[in-house]
> 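Structure below; questions to follow.
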Amino acid sequence: TLHTVADVDPLWLINRYNLAQVQGALLQCLSLTLKLPNPGQNSLRSLLRAARFHRLLVEFEQTKKALVMEFAGPSSVLGQSTAYGVRLANVFLTIAGLTCPWQLEAKVRYKQKERTLKLTSEAGVQGVKGQTYDRVPEDVAKFVTSFNEQAAGYVAEVGSELKQIGDQLSFPDFCFRHPDGRIRYLEVFPKTHIRQFIQRVEAAAQVDADDYMVAVAQPLMKQAEVADLCANSPWFQKYGMTFRSFPNTKMVGEVLSHC
């Protein structure tokens, strides 16, 4: 039996309502662009961790005025499923809680028509306290633990920073540190990341990146363009690998030996 109800701050209630309104719109998001004119390291890492936790597909571009992050929506990745929209809606809690200025523009589907949602940090929508993503996906955490138990020379860590790969900005899933100071990175591409994988391999091959590796889901290799790229890329033959469900530690260790 409910005997008492805790007092609710009216401003808190209004903010939660506003958050829900934006999240509801993002459930049918086609694409979302976020501009960060001057992101601090803490804000950027919080956002990147949230994106990884929710397995969001993100593209980065550093312009003169801002860091631009492009989040692909459900229509471009998973048909009309709202599963990807739910992830975008959850990440908006982190966006709203950023301490740096931000500008958001999203293409959303509403009543069978495409609409544009624009919002900035000046709108006053606030994030939820304690909304952090220090935890990582289970398969990522297991990989790090398993790799480090093998004492392969390198020490694996969950990636936490952006890396420049030729003309591309990437957010590697893993970082490997060697006692002699060498640092190597691994980015994992699931079956939905076709265009991003092709762009990254081409950029890495162009500069012959020797501190960067890629792992691609085997279903992607059935795509003619991907199969042809990998078969004819000396860079991929040396620094690339394929996987069924997730890269295994032995496979990564073998590629690391070539770095």
Side-chain angles (χ1 to χ4, degrees), residues 11-12 14-16 18-23 25-26 29 31-73 84 86-106 117-137 140-141 144 155-177 181 183-188 196 199-200 203 209 211-212:
L11 293 179
W12 177 89
I14 291 173
N15 184 65
R16 288 310 300 257
N18 289 335
L19 281 171
Q21 290 284 85
V22 178
Q23 288 181 295
L26 292 178
C29 185
S31 66
L32 186 153
T33 300
L34 182 67
K35 295 182 179 180
L36 305 172
N38 187 28
Q41 285 297 318
N42 290 337
S43 292
L44 184 57
R45 284 173 179 167
S46 294
L47 187 55
L48 293 177
R49 286 171 180 168
R52 171 182 285 126
F53 184 85
H54 290 291
R55 301 301 178 88
L56 285 170
L57 188 158
V58 188
E59 293 184 50
F60 305 92
E61 181 184 2
Q62 182 66 63
T63 68
K64 293 181 178 180
K65 295 183 177 181
L67 174 65
V68 181
M69 301 177 68
E70 183 77 25
F71 297 80
Y84 211 82
V86 170
R87 302 179 196 178
L88 287 168
N90 284 328
V91 166
F92 178 71
L93 296 178
T94 300
I95 295 174
L98 295 175
T99 57
C100 63
W102 52 267
Q103 301 167 9
L104 179 152
E105 181 172 327
L117 169 65
K118 293 183 178 181
L119 198 64
T120 73
S121 51
E122 297 179 355
V125 181
Q126 300 176 3
V128 180
K129 286 186 177 181
Q131 187 75 22
T132 61
Y133 291 94
D134 293 330
R135 294 186 299 114
V136 298
V140 173
V144 170
V155 175
E157 302 173 359
V158 177
S160 61
E161 297 180 355
L162 293 176
K163 176 172 175 54
Q164 189 78 41
I165 307 295
D167 61 355
Q168 296 269 310
L169 271 176
S170 80
F171 181 43
D173 296 271
F174 300 99
C175 169
F176 302 88
R177 300 182 185 276
I183 302 177
R184 301 293 182 262
Y185 302 89
L186 170 64
E187 189 168 8
V188 180
Q196 289 71 22
Q199 291 176 341
R200 206 78 83 240
D211 61 348
Y212 173 72

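We're numbering straight along the sequence, starting at 1.
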> Less than 4.5 Å apart, any side-chain heavy atom of Leu34 and any of Leu32?
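Of all side-chain heavy-atom pairs linking Leu32 with Leu34, at least one is under 4.5 Å.
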
> Take Thr33 and Glu70 through the side-chain hydrogen bond (donor to acceptor under 3.5 Å, both in side chains) test and state the conclusion after the steps.
CA-CA 5 Å; Thr33 300; Glu70 183 77 25; 2.5 Å; yes

> Which pair of heavy atoms, one from His54 and one from Arg87, lies closest together, and at what distance?
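That would be O-CD, 2.8 Å.
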
> Is Leu119 close to Trp102 at the side-chain level, that is, under 4.5 Å between some pair of heavy atoms?
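Counting from C-beta outward, Trp102 and Leu119 do come under 4.5 Å.
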
> Could you measure the distance from the CG atom of Leu67 to the NZ atom of Lys35? Nearest 0.5 Å is fine.
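If I round to the nearest 0.5 Å, the distance is 11.5 Å.
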
> Give me the atom names and distance for the closest heavy-atom approach of Ser170 to Arg200.
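Taking every non-hydrogen atom into account, CB-NE, 3.3 Å.
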
> Among all residues two or more places apart in sequence or in another chain, which pass the side-chain hydrogen bond (donor to acceptor under 3.5 Å, both in side chains) test with Thr99?
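Applying side-chain hydrogen bond (donor to acceptor under 3.5 Å, both in side chains) to Thr99 gives Ser43.
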
> Considering all heavy atoms of both residues, which atom of Val188 and which atom of Asp173 are nearest to each other, and what is their separation?
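Minimum heavy-atom separation between Val188 and Asp173: N-OD2, 2.7 Å.
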
> Taking atom CD of Gln199 and atom CG of Asp167, what is their separation to the nearest 0.5 Å?
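CG of Asp167 is found 8.5 Å from CD of Gln199.
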
> Using side-chain heavy atoms (C-beta onward) and a distance below 4.5 Å, is Tyr212 in contact with Glu187?
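When only atoms from C-beta onward are counted, Glu187 and Tyr212 do touch, with a gap below 4.5 Å.
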
> Does Leu44 reach the side chain of Leu98, with side-chain heavy atoms less than 4.5 Å apart?
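Contact flag for Leu44/Leu98 side chains = no.
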
> Indicate the atoms forming the closest heavy-atom contact of Gly40 with Cys100, along with that distance.
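Shortest heavy-atom separation between Gly40 and Cys100 comes out as N-CB, 4.4 Å.
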
> Mark yes when over 12 heavy atoms from residues, nucleotides or ligands other than Asp211 sit less than 6.0 Å from its CG; otherwise mark no.
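Atom CG in Asp211 is packed in, count exceeds 12.
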
> Between Leu36 and Met69, does a side chain to side chain contact (heavy atoms under 4.5 Å, CB included) hold up when you go through it step by step?
CA-CA 8 Å; Leu36 305 172; Met69 301 177 68; 4.1 Å; yes

> Kindly say whether Leu11 contributes a backbone atom to a donor-acceptor pair with the side chain of Asn15 at under 3.5 angstrom?
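Pair absent, no side-chain N/O of Asn15 close to backbone of Leu11.
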
> Drop me the distance from Arg16's CZ to Ile14's CD1, to the nearest 0.5 angstrom.
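Answer rounded to 0.5 Å: 13.5 Å.
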
> What are the two closest heavy atoms between Ser160 and Phe171, and how far apart are they?
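So the two residues come closest at C-CE1, 3.7 Å.
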
> If you take all heavy atoms of Ala203 and Gln168, which pair is closest and at what distance?
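That would be CB-CG, 3.5 Å.
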
> Going by the rule side-chain hydrogen bond (donor to acceptor under 3.5 Å, both in side chains), which residues pair with Thr120 if we only count those two or more places apart in sequence or in a different chain?
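Thr120: no side-chain hydrogen bond (donor to acceptor under 3.5 Å, both in side chains) contacts found.
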
> Is any side-chain heavy atom of Val144 closer than 4.5 Å to one of Val158?
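They are in side-chain contact.
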
> Hey, are the side chains of Leu47 and Val91 touching, using non-hydrogen atoms and a 4.5 Å cut-off?
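A side-chain contact exists here, since the closest heavy-atom pair is under 4.5 Å.
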
> Under a 4.5 Å cut-off applied to non-hydrogen side-chain atoms, are Val22 and Leu104 in contact?
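A side-chain contact is absent here, since even the closest heavy-atom pair is not under 4.5 Å.
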
> Within the structure provided, determine whether Val125 and Phe92 are in side-chain contact (heavy-atom separation under 4.5 Å).
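Contact flag for Val125/Phe92 side chains = yes.
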
> Working to the nearest 0.5 Å, report the span between CZ of Phe176 and CD1 of Ile183.
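Output value for this atom pair is 12.5 Å.
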
> Please check if the side chain of Glu161 supplies one atom and the backbone of Lys163 the other of a donor-acceptor pair under 3.5 Å.
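Pair absent, no side-chain N/O of Glu161 close to backbone of Lys163.
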
> Going by the rule ring pair (Phe, Tyr, Trp, His ring centres under 6.0 Å), which residues pair with Phe174 if we only count those two or more places apart in sequence or in a different chain?
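Phe174 satisfies ring pair (Phe, Tyr, Trp, His ring centres under 6.0 Å) with Phe143 only.
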
